[in-house]
Number of protein chains: 2
Amino acid sequence: MLGVLGGMGPLATVDFFGKLVAATQAETDQQHMPVIIRSVPQIPDRTACLLHGGESPLPALRHGMRELARAGATVVAIPCNTAHHWAGDLAAPDLPPILHIVDAVAERLAALLPGGAPVALMCTEGTRAAKVYEKRLDRNRWPILAESQAALDAVSRGIAMVKAGRIEAATALFAQQAEDCRARGAAAVILACTEIPVALREGEPFFIDATDALARRCVRWFIETYRGAPGGCAAS
Amino acid sequence: MLGVLGGMGPLATVDFFGKLVAATQAETDQQHMPVIIRSVPQIPDRTACLLHGGESPLPALRHGMRELARAGATVVAIPCNTAHHWAGDLAAPDLPPILHIVDAVAERLAALLPGGAPVALMCTEGTRAAKVYEKRLDRNRWPILAESQAALDAVSRGIAMVKAGRIEAATALFAQQAEDCRARGAAAVILACTEIPVALREGEPFFIDATDALARRCVRWFIETYRGAPGGCAAS
């Protein structure tokens, strides 16, 4: 069963869950994939840890992974890009494997920009500082454009707005930032913080929504794992 | 911690989760309420059991309640009106108490129609046959209007559309049924199947969205239970 380590933030987890259900082809409840979601937002702030040496979220992340395993999760998705900095530390024999969000984005890039082209990231400062994408994406194929500190600051302000429920203000801010990415020569902009697509709907191929990419990756995992099970699905 | 016994259906669970987060006043992730959601849709169809003697969902519901308790849930919400027929059977010393959806709707009715007035139900045939609302709502105050078999059939078709992801078709059908309720003299129509508000947005006082009522009830439980905890919230 798929486990979701959520709460980073809560609206991003709702968005991921909605995209997971939307990506599933099903006619009845029973054909949908079973999922257990742990949305416990009392996890130390990821970016504050990476930038300013704040409390590490790792113990809380590890606790969440263990709880999901205990609840029957055999694989885990984490709808938070920044948290993937600790994905390596969460790889352990007693923990379920993680479907990595950057791998899911790479699959979408390969489908949309097979020849490679420069891409831009809209992400937290933590994701950028920890090089979550830079370390895992094939940068010879998809070079990641540099952005200014002002651009990073603007995206951070938008993310804080989403976390506080001020969606409309965030939408305008993110749309402007995406336009700036286009002006700087990006062939695509990766919405690489799960708060961003809460406010900025995909709608055009210029955006690569990391949340949606992860949801589709999870559905493919489900189909590949339970293909041939009764009704095309599996009980927990 | 709040547990959510979901999957009946999956989109209704997404809708409930979104309304839960929206109903929470919070500026940061950490101020949001922790929640564990079990969306395991492999639960026998509730209405098929109530109408045609199909397999009972009770063992699967009880199993889900036990798993939520094991995962740390101290109270449970079930975003499925029909499943509340079994709420009494799920009351046991070893299971968390259920925040009942009809009680949550009654609170909203008391706020919106304090003097009482006839109301209409849009619900599954199972909810109607089992008298889930009739048995628990103060009918001297809010009499429930009878509806035709044709009206019940139409709502059932809309619910099946939502479960299959055909939202737009369901919206048109539900809107017509709501208009018919108004024409029959309803002062309010209770959206008493959690699939309905997925397609029919609340937007006007004429609708009482049972899903939203339950979400608000859960937030009130959280505030009452953890008032005074650090940061206004509680770790799991």
*Please test Leu90(B) against Leu58(B) for side-chain contact (heavy atoms from CB on, under 4.5 Å), starting from the C-alpha separation and ending with a verdict.*
CA-CA 8 Å; Leu90(B) 295 171; Leu58(B) 183 56; 3.8 Å; yes
*Please assess Asp29(B) against Glu195(A) for the test side-chain contact (heavy atoms from CB on, under 4.5 Å), listing each intermediate value before the final yes or no.*
CA-CA 11 Å; Asp29(B) 289 358; Glu195(A) 307 289 0; 4.1 Å; yes
*Where do Asp209(A) and Arg201(A) land on the salt bridge (charged side-chain N to carboxylate O under 4.0 Å, His left out) test, with the steps shown first?*
CA-CA 9 Å; Asp209(A) 175 353; Arg201(A) 292 287 148 196; over 6 Å; no
*Options Ala160(B), Pro41(B), Pro44(B), Ala71(B), ranked by heavy-atom pairs under 4.5 Å with chain A, top entry*: Pro41(B)
*Mind ranking Gly9(B), Pro10(B), Ala12(B), Ala22(B) by heavy-atom pairs under 4.5 Å with chain A and telling me who comes out on top?*
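Answer, by heavy-atom pair count under 4.5 Å with chain A: Pro10(B).
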*Could you check whether the rings of Phe17(A) and Phe17(B) sit parallel, tilted or perpendicular, using 30° and 60° as the cut-offs?*
tilted
*Might you work through the salt bridge (charged side-chain N to carboxylate O under 4.0 Å, His left out) test for Arg128(A) and Glu125(A), ending with a clear yes or no?*
CA-CA 5 Å; Arg128(A) 201 60 198 257; Glu125(A) 289 200 78; over 6 Å; no
_Is Glu27(B) close to chain A through its backbone or its side chain, or both, or neither, when contacts mean heavy atoms under 4.5 Å?_
both
*Please state whether the side chain, the backbone, both or neither of Leu68(A) comes within less than 4.5 Å of a heavy atom of chain B.*
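No part of it gets close to chain B.
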*Of the options Leu61(B), Thr194(B), Asp45(B), which is the one that meets Met8(B) in a side chain to side chain contact (heavy atoms under 4.5 Å, CB included)?*
Leu61(B)
_Qualifying residue for side chain to side chain contact (heavy atoms under 4.5 Å, CB included) with Cys218(B), from Val35(B), Thr24(B), Leu20(B), Val75(B)_ = Leu20(B)
*Does any N or O in the side chain of Gln30(A) come within less than 3.5 Å of the main-chain N or O of Gln42(B), such that one atom is a donor and the other an acceptor?*
no
*Within residues 161-168 of chain A, which positions have a heavy-atom distance to chain B below 4.5 Å?*
Lys163(A), Ala164(A), Arg166(A)
